[in-house]
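Notes follow once the structure below has been shown.
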Amino acid sequence: SDMKTWLPVDLIIKKLVDEWKLKDMYITSKISPSSLWAVPLNKARVKQVIQQHIDNCGGKIWTLHMHMIPPTYTAEDITIVLDAIKEQVALWNVKTMWMSNCSLWQLQWALNKWYPIKVIQVEWSPYYRDEQLREFCKQQGIIVQVYAPFGGDRDHDQKLMDYDKANPIDNALIKDIATKLWKTPHQVILRRLIQQWVVPLPQSNNDVHQKQNEDVYDRSLSDEDMR
């Protein structure tokens, strides 16, 4: 859950914890820079936000915290945020440290400073991806989660390959592979990510699409299809 929606989600979690007598609950929480509303950025505010989240839930959960790392964050900014989360890990309030929307240099810097990053979450689609970042994470044993696998709708000025405003679902090559495998273009995109050891996070409120998103394990893409 994102910090912007924490309170209503937290109250639901607290109700479930109380009603079901749960001793432990693991959820993933994301702190966006706008949530901190502190200029300059400071560790006290980050700690306050995390503690507020835990208290809202009744203080009975361990959270897996990630922090969105915008390109404008300096090494000092990253230190402030990750130091605060690392302290919560030491207190067993936070189970693991994640980074979201980070660049390769930001992740490398964090690891060089001995921050135990286990997972990163980034936007990723056929037209918007960072293969260097993925390969680095593979070497380091870091899990890569990706959102918007079917294409986002935001403008980017990144140096990433093949990015434009086209819809990857309409890509002729992806359509050809889908026809050959008796799958949909969406399923081909998800299968490609899985074969790259990337965890896709497709989002849909449609029951049919949700089932299709799960039905991607009975076919494999060839080496040629993966290029």
Side-chain angles (χ1 to χ4, degrees), residues 1-2 26-32 64-71 95-111 115-154 156 158-178 180-181 183-204 206 209-227:
S1 59
D2 190 283
Y26 295 83
I27 65 172
T28 300
S29 303
K30 181 187 292 184
I31 309 174
S32 62
L64 294 84
H65 269 275
M66 67 174 71
H67 186 83
M68 295 182 68
I69 307 295
K95 181 64 175 176
T96 56
M97 297 177 65
W98 298 17
M99 292 175 69
S100 174
N101 293 62
C102 59
S103 64
L104 177 57
W105 83 261
Q106 289 171 327
L107 177 59
Q108 289 173 327
W109 185 90
L111 294 177
Y115 292 110
I117 307 300
K118 303 296 185 182
V119 182
I120 67 166
Q121 186 181 102
V122 293
E123 181 176 352
W124 192 285
S125 75
Y127 293 153
Y128 183 71
R129 61 193 191 275
D130 189 339
E131 295 292 353
Q132 285 186 317
L133 179 62
R134 181 185 67 81
E135 186 60 32
F136 177 78
C137 289
K138 181 180 178 181
Q139 294 170 0
Q140 299 295 320
I142 296 172
I143 296 172
V144 179
Q145 283 189 350
V146 301
Y147 63 91
F150 308 133
D153 58 359
R154 296 180 301 166
H156 302 271
Q158 309 280 23
K159 305 115 2 214
L160 304 180
M161 61 179 70
D162 300 334
Y163 179 73
D164 58 32
K165 293 186 179 181
N167 187 345
I169 303 303
D170 296 328
N171 180 279
L173 178 58
I174 293 175
K175 282 185 170 182
D176 287 344
I177 297 173
K180 178 176 65 176
L181 297 178
K183 292 293 183 180
T184 67
H186 298 78
Q187 290 171 318
V188 169
I189 292 172
L190 294 179
R191 182 64 203 182
R192 188 176 194 277
L193 290 171
I194 291 169
Q195 288 186 211
Q196 291 180 315
W197 295 95
V198 171
V199 181
L201 301 174
Q203 182 177 355
S204 175
N206 184 295
H209 292 166
Q210 289 175 359
K211 291 179 180 178
Q212 289 176 342
N213 290 341
E214 295 175 355
D215 185 24
V216 294
Y217 296 99
D218 61 339
R219 297 284 191 278
S220 294
L221 303 186
S222 67
D223 291 342
E224 182 180 353
D225 293 338
M226 289 292 292
R227 293 196 183 102

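All values derive from a computational prediction rather than experimental measurement.
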Answer yes or no: is there a side-chain heavy-atom contact under 4.5 Å between Ile120 and Leu107?
yes
Min side-chain heavy-atom separation Ile169-Ile189 under 4.5 Å:
yes
CA sep, side-chain torsions, deciding dist, call: Arg134, Trp124, side-chain contact (heavy atoms from CB on, under 4.5 Å):
CA-CA 10 Å; Arg134 181 185 67 81; Trp124 192 285; 3.6 Å; yes
Determine the minimum heavy-atom distance between Gln140 and Leu111, stating which atoms define it.
CG-CD1, 4.1 Å
Set of residues satisfying salt bridge (charged side-chain N to carboxylate O under 4.0 Å, His left out) with respect to Asp176, sequence neighbours excluded:
none
Inter-residue atom distance Thr184.OG1 - Leu190.CG, 0.5 Å rounding
7.5 Å
Which atom names give the shortest non-hydrogen contact between Pro126 and Pro149, and what distance separates them?
CD-O, 3.4 Å
Applying side-chain contact (heavy atoms from CB on, under 4.5 Å), name anything that partners Ser220, two or more places apart in sequence or on another chain.
Arg191, Gln195
Provide the closest heavy-atom pair for Gln187 versus Gln212 in the form atom of the first, atom of the second, distance.
NE2-O, 3.0 Å
What I want to find out is whether Arg192 reaches Asp225 closely enough, with some N-O distance under 4.0 Å, to be called a salt bridge.
no
When rounded to the nearest 0.5 angstrom, what distance separates CD1 in Ile117 from CD1 in Ile143?
12.5 Å
Flag yes if more than 12 heavy atoms outside Gln139 fall under 6.0 Å of its CD atom; otherwise flag no.
yes
Parallel, tilted or perpendicular: rings of Phe150 and His186 (30°, 60°):
perpendicular
Are Lys211 and Glu214 ion-paired here, with the side-chain N under 4.0 Å from a carboxylate O?
no
Report yes or no: do Trp98 and Ser100 form a side-chain donor-acceptor pair below 3.5 Å?
no
With side chains defined as the heavy atoms from C-beta onward, is the minimum distance between Thr96 and Val119 less than 4.5 Å?
no
Counting C-beta onward and ignoring hydrogens, is there a side-chain heavy-atom pair between Leu221 and Leu181 closer than 4.5 Å?
yes
Side chain proximity check, Val122 to Tyr128, heavy atoms < 4.5 angstrom
no
Please indicate whether Lys180 has more than 12 foreign heavy atoms, meaning atoms of other residues, nucleotides or ligands, lying under 6.0 Å from its NZ.
yes
Quick one: closest heavy-atom pair of Gln132 and Leu104, and the distance?
CB-CD2, 4.2 Å
I need the Leu133 CG to Gln108 CD distance, nearest 0.5 Å.
9.0 Å
State, yes or no, whether a side-chain contact exists between Lys175 and Val188 at a heavy-atom distance under 4.5 Å.
no
Inspect the surroundings of CG in Asp223 and state if more than 12 heavy atoms from other residues, nucleotides or ligands are less than 6.0 Å away.
no
For atom CH2 of Trp197, is the number of surrounding heavy atoms from other residues, nucleotides or ligands below 6.0 Å larger than 12?
no
Write down the atom of Leu193, the atom of Pro200, and the distance for their closest heavy-atom approach.
CD1-CB, 3.7 Å
So which atom in Gln210 and which in Ser204 form the shortest heavy-atom distance, rounded to 0.1 Å?
NE2-O, 2.7 Å
After noting the C-alpha distance and the side-chain angles of Val144 and Phe136, does the key distance pass the side-chain contact (heavy atoms from CB on, under 4.5 Å) rule?
CA-CA 10 Å; Val144 179; Phe136 177 78; over 6 Å; no
